[in-house]
2 protein chains.
Amino acid sequence: MESKDLRNAGLKVTLPRVKILEILETSKARHFSAEDVYKLLLESGEEIGLATVYRVLTQFEAAGLVTRHHFDTGHSVFEMNLGNHHDHIVCVKCGRVDEFFDETIEKLQHDISEKAGYKMTDHCLYIYGVCEECQKLE
Amino acid sequence: MESKDLRNAGLKVTLPRVKILEILETSKARHFSAEDVYKLLLESGEEIGLATVYRVLTQFEAAGLVTRHHFDTGHSVFEMNLGNHHDHIVCVKCGRVDEFFDETIEKLQHDISEKAGYKMTDHCLYIYGVCEECQKLE
DNA sequence: ACTTAAATGAAAAAGCTTCTCATTCTTATT
DNA sequence: AATAAGAATGAGAAGCTTTTTCATTTAAGT
Ligand SMILES: [Mn+2]
Ligand SMILES: [Mn+2]
Ligand SMILES: [Zn+2]
Ligand SMILES: [Zn+2]
């Protein structure tokens, strides 16, 4: 039930917010651009403006419901926050995105921040490469 | 002598390219937005268009003279390629950028790519945090 | 139901980057 | 040193993603 999530986040339960949350939760994909979400809304018959999609995704991010990524694609990518931090490996040919988590790297990042005198707030590691499928096509 | 670098990169020796290379090499800073470079050119009395700055930086990147970064700032950041790969730690308050290199993390990234079936082409690790100076101001 | 503040949609605007095209400059050749 | 051919430049237009504006609609507490 999405209404609870929204209320917990201090957000009014509106149709656009419910529908967007629904798409983020139930689609096969896990990583969406704002445009992706907008198109999926249209496909499902909802007339929700692109500006609202951006607004709502930004609010979801602020509320911790969603994480925003900055791949080298020129646009933001959003993903439901399932509480499991992970990093990304992106295919430069087809755009496929895989996820990974490495305890050792996480620890080292903390050490590095500390040594540099920083109080770490966030971090992200992007590996770019050619996925198995795309290697075959070359 | 910048002319040699340019010729080696297969680029004609033009005034904009020489001046931009000069700025990248001799400024105290190491990380520049296109706008940064443009302003430094104006300050030094050169009338070079912003479009040319973008064009030249992109050519430098293609030639391997320069590396382009995508911090969470909404604009590209360029840096002379000195042959020493490193990653970045960025202050979310003041924009300060520090650099680091960790052999172990580098190795682990290779292992992860391999395990995921990817042929790695590039990678970048950004740590975001509050630098020592900015912590004092809070 | 009523009221009030918040949310939405459409369009405009912003911010960064690329493109277009007439003009200028580099470089190789006389 | 002059010439010719093609590449590079500058100014502005245009492109793309994202944000803002503002009139209208909607949610939620009374
Ligand atoms: Mn993910
Ligand atoms: Mn650097
Ligand atoms: Zn691929
Ligand atoms: Zn700082």
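Order of the sequence lines sets the chain letters (A, B, ...), proteins ahead of strands, with each chain counted from 1.
- Here the CD-CG distance, from Glu132(A) to Leu137(A), works out to 12.0 Å after rounding to the nearest 0.5 Å.
- Note on Val13(A): it clusters hydrophobically with Val66(A), by side-chain heavy-atom contacts below 4.5 Å among ILVMFWY residues.
- Heavy atoms of Glu47(A) sit under 4.0 angstrom from primed sugar atoms or phosphate atoms, though from no base atom.
- Checking the phosphate oxygens (OP1, OP2) of dA7(C), a side-chain nitrogen or oxygen of Arg17(A) falls inside 4.0 Å.
- A residue-by-residue look at Arg55(A) and Ser33(A) shows that Ser33(A) has its nearest nucleotide of DNA chain D further toward the 5' end.
- Set against dT18(D), dC16(C), dA5(C), the side chain of His75(B) has dC16(C) as its closest nucleotide.
- Look at Thr14(B) and you'll find a side-chain N or O under 4.0 angstrom from OP1 or OP2 of dT9(D).
- Rounded to whole Å, atom P of dA14(D) lies 18 Å from atom CG of Leu50(B).
- For Ser76(A) and dT18(D), the shortest distance from a side-chain N or O to OP1 or OP2 is below 4.0 Å.
- Taking every heavy atom of both residues into account, Phe60(A) and Leu24(A) meet most closely at CD2-CD1, 4.1 Å.
- Look at Tyr54(B) and you won't find any side-chain N or O under 4.0 angstrom from OP1 or OP2 of dT18(C).
- No chain of hydrophobic side-chain contacts below 4.5 Å, direct or via other Ile, Leu, Val, Met, Phe, Trp or Tyr residues, connects Leu82(A) to Val97(A).
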